[in-house]
Amino acid sequence: MFSERTFQAQIIQNEFQQSLHAKDLEPGTNTRGNIIKRKMKDYFTLFLETSSIHGLNHLVASKRHPFEVSSSEPDKETLTKFIIGISNATYETFDTIPVYDGIPADKYVELVLNLSASFKPTLTIGATGISLNIIPTITEMGLCYAVNSKVAIYNSPAYRAANRWDRVVVHNSTFYIHPLDGEVFAQVINLSTSYDVYLHGPLEVPDISTRHQHSAEDFYMKLYVTALTVYTSSEAAKLSVAQRRCRFLHENILQHNSVYTYTMCRMECRIRLCLKYCKCIPHFYRRIGDEKTCDIRGLHCLYQYKDELYKLQDKSGKKINCGCFPICDDVNYVIQSNVLQEWFLGTNLQWGIVTYPRMRYRRDIIFGFTDVLVAVGGMAGLFLGCSVLSFMEIVYFLTLRLICYTHRSASK
């Protein structure tokens with residue numbers, strides 16, 4: 001270890017000498033006083049970077065956020081509580097965030113992203129030729145990381161920062177396994193902190209009302225689930241949304257998202273209620289037009305309506321009509337068991353399907369136009385002794401035959 005530190009110090013020293021030589025060659029800055037000041041500054045920076053005293057290197061580290069070094073803020077205690085509160089802000093915790101005006105409301109998301117720890121766990125799956133991906137996404141619970149999701153990218157920091165509204169081609173297509181493959185698990189290891197797990201289908205996102213599982217640090221959580229699939233036939237897909245009472249991703253009516261999901265529709269409903277109650281929206285939503293991002297006072301205002309916003313019910317308990325239909329193709333996961341045990345090798349998560357689904361639901365047309373003709377003809381034949389042709393005869397005699405008969409009568 002000593003030799004490694006000596007080698008690193010030698011490299012730093014060489015870079016330091018090169019930087020001094022380069023600065024000495026700059027025109028107009030070769031006065032003796034400027035050279036001495038510059039060398040003293042660089043030498044002090046070198047001391048902070050290579051010192052064995054814990055924490056000094058962070059004061060001069062490059063690309064470090066201002067809140068991560070020594071700050072000139074006089075009320076550091078309020079600032080600390082504000083940062084912790086805004087990083088964990090949800091409808092149920094808005095009241096715990098202290099009022100702090102040093103950071104504008106439209107910078108809250110940027111602050112949370114800049115102060116978020118690096119999330120680079122190891123993700124594996126027990127199936128050959130399959131790779132999963134992790135996508136950061138902004139939710140009502142803060143910054144989350146979605147595994148193998150097809151819609152999480154539409155609320156990712158990169159997608160929002162680029163001001164994109166287009167559809168994204170997702171390469172993590174559905175993979176299929178055979179029951180003879182045995183139990184297939186995916187796991188995330190080397191997590192650095194406690195976490196919450198939200199289970200949902202690949203075409204959905206979680207919200208504050210989604211049930212979740214919590215794991216403390218240094219525990220191994222094992223989730224065993226089964227799946228229930230709902231899909232829509234090609235014939236039913238040709239019907240209108242009002243007829244089939246579901247929507248596909250591309251049938252989007254939402255203003256704050258590029259695709260449609262049931263949960264995103266509920267989020268849009270909460271946005272409308274936030275604007276109605278407090279004239280602003282929380283920072284974790286995507287702002288459009290002249291919408292105002294809530295400052296701390298606005299978040300405190302929203303906390304007064306947390307029950308209505310959380311449950312989407314009014315004060316009398318009546319359900320608020322948001323006009324949200326479920327998505328036409330969906331996968332619902334049901335937790336069969338949750339095993340949580342202390343683990344000395346770190347914080348890990350494993351989930352998988354133990355019992356393979358034995359059925360799936362199909363949304364289809366069970367009574368079409370042809371079925372109506374058959375049913376009407378059958379009942380008419382049974383009770384009236386006629387068929388569909390008999391009804392066509394009535395139409396014929398009341399229209400074309402009547403016109404011809406009237407014309408001949410008039411000519412006589």
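Positions are given from 1, in the same order as the sequence printed here.
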Can you confirm whether more than 12 heavy atoms, excluding those of [X], are under 6.0 Å from its [atom1] atom?
X	atom1	answer
Arg272	CZ	yes
Arg167	CZ	yes
Asp166	CG	yes
Gln341	CD	yes
Lys81	NZ	no

Measuring only between side-chain heavy atoms, which start at C-beta, is [X] closer than 4.5 Å to [Y]?
X	Y	value
Trp351	Val197	no
Val112	Ile86	yes
Ile253	Arg247	yes
Pro121	Tyr145	no
Asn114	Leu111	no
Asn257	Asn155	yes

Which residues pass the ring pair (Phe, Tyr, Trp, His ring centres under 6.0 Å) test with [X], not counting sequence neighbours?
X	answer
His212	Tyr198
His283	Tyr108
Phe219	none

As an exercise, state the distance from [atom1] of [X] to [atom2] of [Y], rounded to the nearest 0.5 Å.
X	Y	atom1	atom2	result
Tyr100	Ile83	OH	CD1	7.5 Å
Met392	Ile394	CE	CD1	10.5 Å
Tyr260	Cys246	OH	SG	9.0 Å
Ile353	Phe185	CD1	CZ	10.0 Å
Tyr224	Ile335	OH	CD1	12.5 Å

_I'd like to know if the side chain of Thr263 reaches the main chain of Val205, judged simply by a donor and an acceptor atom lying under 3.5 Å from each other, with no hydrogens or angles considered._
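Between the backbone of Val205 and the side chain of Thr263 there is a qualifying donor-acceptor contact (under 3.5 Å).
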*What pairs of residues pass the side chain to side chain donor-acceptor pair (under 3.5 Å) test when at least one of them lies in residues 360-369, not counting sequence neighbours?*
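Non-adjacent pairs meeting side chain to side chain donor-acceptor pair (under 3.5 Å): Thr232-Arg363, Ser233-Asp364, Arg362-Asp364.
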_Between Cys324 and Cys269, does the disulfide (SG to SG under 2.5 Å) criterion hold? Intermediate values first, please._
CA-CA 9 Å; Cys324 296; Cys269 190; 6.0 Å; no
*Compare every heavy atom of Ile97 with every heavy atom of His300, then report the nearest pair and how far apart it is.*
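Closest approach of His300 to Ile97: NE2-O, 2.8 Å.
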_Let's test your reading of the model: do Cys294 and Cys301 have SG atoms under 2.5 angstrom apart?_
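In this structure, Cys294 and Cys301 share no disulfide.
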_With Glu251 via salt bridge (Lys or Arg N to Asp or Glu O under 4.0 Å) - residues at least two apart_ =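 Checked Glu251 against salt bridge (Lys or Arg N to Asp or Glu O under 4.0 Å); matches are Arg244.
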*Can you list every pair that meets salt bridge (Lys or Arg N to Asp or Glu O under 4.0 Å) and has a residue in residues 196-220, with sequence neighbours left out?*
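Qualifying pairs, neighbours excluded: Asp207-Arg266, Asp207-Arg270.
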*Would you call the rings of Tyr91 and Tyr285 parallel, tilted or perpendicular, where under 30° means parallel and over 60° means perpendicular?*
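Ring orientation of Tyr91 relative to Tyr285: tilted.
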